[in-house]
Every structure is written in structure tokens, then in C-alpha cells.
Amino acid sequence: MTRYLRLGVNIDHVATLRNARGGRHPDPLRAARMAAEAGADGITAHLREDRRHIRDEDIDRLMAESALPLNLEMAATEEMLAIALRHRPHAVCLVPEKRTEVTTEGGLDVDGGREHLHRFVQELGGAGVRVSLFIDPEVRHIEAARDIGAPVVELHTGAYCDAAPGAGRGSELTRLSQAAAHAAAIGIECHAGHGIAYDTVGPIAAIKTIAELNIGHFLVGEAVFVGWHEALRHMRELMDAARPGVERP
Ligand code: PXP
């Protein structure tokens, strides 16, 4: 049976807009509350070392005042581990982080970083937090995730979304669907995200072994033209169209 595909809405760039002027507007918490009304299943926010978008007080407020489960994206550092253990969000997604990057450029090297990542996965998991690892769609990272006890991987969809429509995008889609199938086969839940827009969401949503999509930047940009609620509603509609007949649980 095909299962429901969850939509995690990444609100980082609501905070980016706010930070451009300082002050409190637009408020990421308000975006999170409206996302719940528009059909989101969770909120995702990336607390970066430099706090360029979401800040510590946003995490405080999202934990205390948003009804949706929070997926905290963070680097595997001691500072972030302490913050995550203090808040115990529903989920943590461990991502690589470089100071000079504009956005998360690639996946975690789980295979090469097993020793470092193992403790983060264990400590967070032991605190009741669902841990996912953001990876490029490669079997060796999925198997390494399993080996260090991570229950979830999130596949980086940037290469697929950035590829020109046609053969290039098709081969990236094949990589994603093979990786998702491999994750399911070895008992790892599979999520996907990065760069997803209206024109790229359908084929990803149609990969039935993917349980959750995390989408942010495109939705915030589209909201400028059609409004936040409408942007989310239409994304949800496109996801549902890729899995006909599946009810929200
Ligand atoms: N998933 C992860 C792990 C990410 O790092 C990001 C970007 O912060 C996203 C999903 C969302 O990507 P986008 O903002 O391009 O939709």
C-alpha cells in the first residue's frame, strides 16, 4: 500500500527576510502556525553556527508555541548537540556546514565520518530524538547510516533539481529512486529535500519509498507572489497528485 508523503516546511528564509531589516517581521513562528493550516506536517529549521537565518530564540518559540513537530537541522558540533539535547525536538537532521557556503552544498560524508557521527546519533536517539542524516544518494552512505544506528536518511535533491530538464535530470532521478529503494530494503526511512519547486516535486513525490519532503526556499519565494498559504497549499496538492488515493493519516 502506498503511504502518505509528509511535507516538512523549512522556514529558514522567513527568518532571512526578517534579519535583512532586524526587528520581528516576518515572524517564523507565524509562518509555522500558518503552515499547519495550509497542510504542512512538520516544520524544519536550520540553526547555523553563524545564525544567519533561524536564531536560538526562534527555536525556543517554535518548541513552545508551534503545534507542528520540529525537525532541527544542525551541524554535528558540540554546541549544536547541547542545544538539541536541551530542547529535545521531534527530530534532528544532521547536515554538513561550511561557513562560506550560501546553502548546504552536499551531503554528509557518513561513510568517512562514522566515528564522529556515531556518538551524535546515539546521544540524540537516546534522548528520544529521531535522527536523520542528510546525504547524497549513495549506497555507501545509506549503509553507513544503518551501521551507526540512524533510523532515517534525507537524500539531497539539489543535483536533480538543478539539472536541466531531460536526460541529466532523469539520471539524477534514477539515482534518487535507487537510493530510496535501497534505504527501504535495509530498514531505513527515507526523506528528501533541497531545491524542490513546483516543477520538480512530482517525480520525487512519486518515489513511493520516500516518506517526507522538506521544502523551504522555493515556497518563501513563491509566497511573495501568491501568498504563503497558497504556495504551501499548491505544493501539497502536487505532492498528493503524485500519490493518488492516499489519505492523510
Ligand atoms: N533539507 C535539508 C537537509 C536542507 O539543508 C535544506 C536547506 O536548508 C532543505 C531540506 C530545504 O531546501 P530548500 O530551502 O532548497 O527547499
Side-chain angles (χ1 to χ4, degrees), residues 5-17 19 28 31-32 35 40-55 58-59 62 69-77 80 84 89-99 101-110 117 120 124 129-137 141-142 145 150 152-163 172 176 179-180 183 189-201 204-205 210-224 228 231-232 234-236 238-239:
L5 178 61
R6 294 192 301 272
L7 170 60
V9 173
N10 182 314
I11 55 170
D12 289 346
H13 296 295
V14 177
T16 308
L17 266 183
N19 299 351
D41 300 287
I43 294 298
T44 296
H46 184 175
L47 188 67
R48 281 183 172 264
E49 183 194 26
D50 63 8
R51 311 304 199 258
R52 70 175 72 158
H53 30 63
I54 291 294
R55 297 176 177 156
D58 295 319
I59 301 296
L62 288 167
L70 179 67
N71 173 32
L72 175 64
E73 284 180 16
M74 58 178 234
T77 63
M80 290 299 153
H90 166 70
V92 159
C93 180
L94 294 175
V95 299
E97 197 174 296
K98 289 192 214 130
R99 280 184 200 166
E101 70 191 356
V102 175
T103 183
T104 315
E105 282 167 359
L108 273 176
D109 180 7
V110 185
L117 292 169
F120 286 82
L124 290 164
V129 177
R130 185 198 70 188
V131 185
S132 72
L133 303 177
F134 189 46
I135 58 167
D136 291 323
H141 295 312
I142 298 168
V152 180
V153 293
E154 178 169 330
L155 303 179
H156 196 308
T157 52
Y160 158 77
C161 293
D162 290 345
E172 289 300 335
L176 289 166
E189 182 170 305
C190 190
H191 301 174
H194 208 283
I196 296 174
Y198 291 156
D199 65 333
T200 46
V201 71
I204 303 176
I210 293 179
E212 178 177 308
L213 299 184
N214 286 299
I215 310 177
H217 183 264
F218 174 82
L219 291 171
V220 175
E222 186 64 7
V224 171
W228 182 235
L232 270 59
H234 187 48
M235 187 62 83
R236 180 72 259 174
L238 293 170
M239 289 165 61

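Treat the numbers as computed from the prediction; the structure is a model and nothing was measured. Residue indices begin at 1 and follow the sequence shown. Whatever order the structure lists them in is the order used to number ligands and atoms, beginning at 1.
For ligand 1, the polar-atom distance check finds no N/O of Ile196 at less than 3.5 Å from any of the ligand's N/O atoms. Any N or O atom pair closer than 3.5 Å counts here, and Gly216 shares at least one such pair with ligand 1.
Inspection of the His191 and Glu189 side chains reveals an N or O donor paired with an N or O acceptor under 3.5 Å. A side-chain donor-acceptor contact under 3.5 Å links His46 and Glu97. Of the N and O atoms on the side chains of Asn71 and Glu73, not one donor lies less than 3.5 Å from an acceptor on the other residue.
For ligand 1, the atoms closer than 4.0 angstrom to any heavy atom of Ile215 are 16 (O). For ligand 1 and Val95, the ligand atoms under 4.0 Å from any heavy atom of the residue are 3 (C). Every atom of ligand 1 is numbered from 1 in the order shown, and the set under 4.0 Å from a heavy atom of Asn214 is 10 (C), 11 (C).
Closest to atom 1 (N) of ligand 1 by heavy atom, among His217, His156, Glu154, is Glu154. The closest non-hydrogen atom to atom 2 (C) of ligand 1, taken over Arg48, Glu73, His53, His194, comes from Glu73.
Every residue two or more places apart in sequence or in another chain was checked for a side chain to side chain donor-acceptor pair (under 3.5 Å) with Ser132, and none qualifies. Applying the side chain to side chain donor-acceptor pair (under 3.5 Å) criterion to Arg51, with sequence neighbours excluded, gives Asp56, Glu79.
Look at Phe218 and you'll find every heavy atom at least 4.0 Å from all atoms of ligand 1.
No side-chain donor-acceptor contact under 3.5 Å links Thr44 to the backbone of Val9.
Distance from atom 15 (O) of ligand 1 to its nearest protein heavy atom, with residue and atom name: Gly195 N, 2.8 Å.
Salt bridge status for Glu212 with Arg130: present, with a side-chain N to carboxylate O gap under 4.0 Å.
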